[in-house]
K.L.:
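The structure is given below, and queries will be raised subsequently.
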2 protein chains.
Amino acid sequence: MRDVYVVGAAQSDFGAFPDESYRSLFKTAFDGAVDAVDGEFERDRIDEAYVGTLGVGGRQLGLSGPAVTEHVGLDGTSCTRVENACAASGVALRQAVLAVRAGVADVALAGGVEVMTDMSGEQTRYWLGVSGETEWERMAGTTFSGVYAQMASAHMAEFGTTREQLSHVAVKNHGNGAKNPHAHLRFECSLEDAVAGPSVADPLNLYDCCPTSDGASAVIVASREAAEDLTDRPVRITGTGQASGRVGLFQRPTLTGIPATEQAARQAYDEADCGPEDIEFAEVHDCFSIAELLAYEDLGFCEKGEAGAYVERRATFPDGERPVNLSGGLKSKGHPIGATGTGQVVEVFKQLRGEAGDRQVDGLSRGLTHNVGGSGGSVVVHVYEGGWA
Amino acid sequence: MRDVYVVGAAQSDFGAFPDESYRSLFKTAFDGAVDAVDGEFERDRIDEAYVGTLGVGGRQLGLSGPAVTEHVGLDGTSCTRVENACAASGVALRQAVLAVRAGVADVALAGGVEVMTDMSGEQTRYWLGVSGETEWERMAGTTFSGVYAQMASAHMAEFGTTREQLSHVAVKNHGNGAKNPHAHLRFECSLEDAVAGPSVADPLNLYDCCPTSDGASAVIVASREAAEDLTDRPVRITGTGQASGRVGLFQRPTLTGIPATEQAARQAYDEADCGPEDIEFAEVHDCFSIAELLAYEDLGFCEKGEAGAYVERRATFPDGERPVNLSGGLKSKGHPIGATGTGQVVEVFKQLRGEAGDRQVDGLSRGLTHNVGGSGGSVVVHVYEGGWA
């Protein structure tokens, strides 16, 4: 199996940008990823590109993969659009890794982009709604907040998870995001604020929910041989895993976990020849506070049912035993759907290279990204290590 | 590089099916592909799945990859939705091939599905429109017929291609499709009929245009080792190539060719260690009659400018030197967008195994599929040979 390395990664600012387009945001991310490459880099070294996006319409272009890559000068390069709802660009990264392993690419691009803030509330609900189960959830009127609220209620009932424990996720992620110059919601919040937010879908309140954002991200991966040319500070992708789950929450065997996360993680850990105990930090899919708690358990960071206590004792805060969402996560950094997956990689890349500025946690050598589509219908997990194999 | 084999392939009927759903069509294709496997086949042998679709809305489900694969019992299996406009499932096949070559899958599924006939004319134009260039073509009112009409006009002006030569494509493909029990438009047409069709976008008339269809297709691919278990009549994928072009026709250096086809074909031929002269038959992307003529030239089946004469002398008819679109092509078999790419593979699979019924051409050993997204913004080409490597 060919080793695959991240040699460049960057993101645009995440936020509301009425003057930006699908293409201009992608270009910002792509140019940043190229700039992050240590060596000389000609863009025609990119053999294959994968772009994750969800929506079509408004400022979202058609044939969106080639439409954004042509804008950055890759108009001949094979480009595939992938769409697994909010896991779109995590899946794009996985395809880029497979393209390098398969030998059709020495260097490949994975990225994602979404323009969401030009949509009406109705359009936004529609595009998010179509990422979940169509016939029995969306058409019955359930929103994503509603689906995750059911998971939160069940977790509280089954394991005694508290309102405050959910809010610790918001406090932590806002604290981290306040230090991230690319974050959408760059402010800290207190536990009191986070507990008292206006209700969205009980028990979830405003501070339990990520924002709707515009943004893009891009990651350049390379084979060992190509990477030796391109970087002195390699970040190796040691494991990739992807799994599907039933698309409808009501169809799954549990409300208090996401089976596809467990399955994708197992595959990624097996490839990386490690276990959850070896993961020093992670970027996980915290579209809602409860989603981060479920991720702790499903990824094996703590025992089933103990995620609330785990965050409450600050295990996942920057000064804790296993920092999670040092970037601010979806909660604070923002969640431009297609850009989220490769956006997570940007933070891991920076942390492993010691380039995370005010957010830097020293001494990290192994990290993980976890990107969820729908309410768990699709999950992709990657494991990373600093240094050459 | 690991060899990859097609061990099963099938499609649903293509047509207008108000009583079918996205899921039921996909299940018909998938079950057919499983039935086409010679050996015992448990669906849990499928390690990775790729599904190509274009649209969302109406009977098109959200998170559509996992939504259709869970319906056929693959609810844990990693499934990635890919969308490169009309090249969606050709690209899905390529990803399945790469997954096997990369070693993450011994057996992989590629398929596609589209439900189009429940949309209004306005919705159909929208979904097709977003597959092309958004800002300067779709928003200016250009349709796909209009874009291909420009290519036809240019080809006629530059090379003297005639109205009758365009119509020979329709005559041939309707003749082939009339013998295909899965085809949407199962009737023959005369040259007189095809020439006299009502105008759609001058010079293209109704007989120059493929229909709007519902349908699904599925292809099961396997590594050599897995294939030895699963078939006695292997079909080997010897080459895969993919390229992008400028999404807007007006942005490209030529109106009379599709550069991405040339580039994708070169890559596929190189991998297959062959040239166009070795291709005995092909399924090419004839969304419009002119598209088939351009494909002859861009794939190297004839010299530039000579495609009109090539079809006129019946070179690509079933009794000609290189039969093209024995299935009936998009023109007669139908064009349910996401299902088209892997639908082409079904015909190649059947022809190479001698299972094409009334359409069978004897003695074929090497074929090609050619699937175009947009008006040439994305192209994917595969080469196939019967037998073991």
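In this text, all values refer to a predicted model and were calculated from it rather than measured experimentally. Throughout, a chain's letter reflects where its sequence line sits, starting with A, and its residues are numbered from 1.
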K.L.:
Highest number of heavy-atom pairs under 4.5 Å with chain A: which of Gly245(B), Ser78(B), Gly65(B), Gly377(B)?
P.N.:
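That would be Ser78(B).
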K.L.:
What's the shortest heavy-atom distance between Arg101(B) and Ala102(A), and which atoms?
P.N.:
CB-CB, 3.7 Å
K.L.:
Could you tell me which portion of Val91(B) (side chain, backbone, both or neither) has an atom closer than 4.5 angstrom to a non-hydrogen atom of chain A?
P.N.:
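Only the side chain of Val91(B) comes within 4.5 Å of chain A.
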K.L.:
Going by ring-ring contact (aromatic ring centres under 6.0 Å, His included), name the residues that satisfy it together with Tyr148(B), two or more places apart in sequence or in a different chain.
P.N.:
Phe288(B)
K.L.:
Closest approach of Leu63(A) and Asn84(B), non-hydrogen atoms and distance?
P.N.:
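Shortest heavy-atom separation between Leu63(A) and Asn84(B) comes out as CD1-C, 3.6 Å.
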K.L.:
Arg94(B) versus chain A, heavy atoms under 4.5 Å apart: side chain, backbone, both or neither?
P.N.:
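The side chain, not the backbone.
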K.L.:
Is it true that a side-chain atom of Glu83(A) and a backbone atom of Glu83(B) form a donor plus acceptor pair closer than 3.5 Å?
P.N.:
no
K.L.:
Looking only at heavy atoms and a cut-off of under 4.5 Å, which of Gly374(B), Ala85(B), Gly241(B), Ser244(B) has the most pairs with chain A?
P.N.:
Ser244(B)
K.L.:
Report the distance from atom CD of Glu48(A) to atom CG of Leu98(B), rounding to the nearest 0.5 Å.
P.N.:
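It comes to 6.5 Å.
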K.L.:
May I ask you to name which of Thr240(B), Val379(B), Val82(B) has the most heavy-atom pairs under 4.5 Å with chain A?
P.N.:
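Highest number of pairs under 4.5 Å: Val82(B).
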K.L.:
Could you pull out the closest heavy-atom pair between Ser378(B) and Pro66(A), with the gap in Å?
P.N.:
CB-CG, 4.3 Å
K.L.:
Please classify the contact of Thr77(A) with chain B as side chain, backbone, both or neither, using a heavy-atom distance under 4.5 Å.
P.N.:
backbone
K.L.:
Of the backbone (N, CA, C, O) and the side chain (C-beta and beyond), which part of Ala243(A) lies under 4.5 Å from a heavy atom of chain B, both, or neither?
P.N.:
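For Ala243(A), backbone and side chain are both near chain B.
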K.L.:
Would you name the heavy atoms of Cys79(B) and Gln242(A) that are closest together and state the gap between them?
P.N.:
O-NE2, 3.4 Å
K.L.:
Among residues at least two apart in sequence or on other chains, which ones pass ring-ring contact (aromatic ring centres under 6.0 Å, His included) with His370(A)?
P.N.:
none
K.L.:
Between Ala99(B) and chain A, which part of the residue has a heavy atom less than 4.5 Å away: side chain, backbone, both or neither?
P.N.:
both
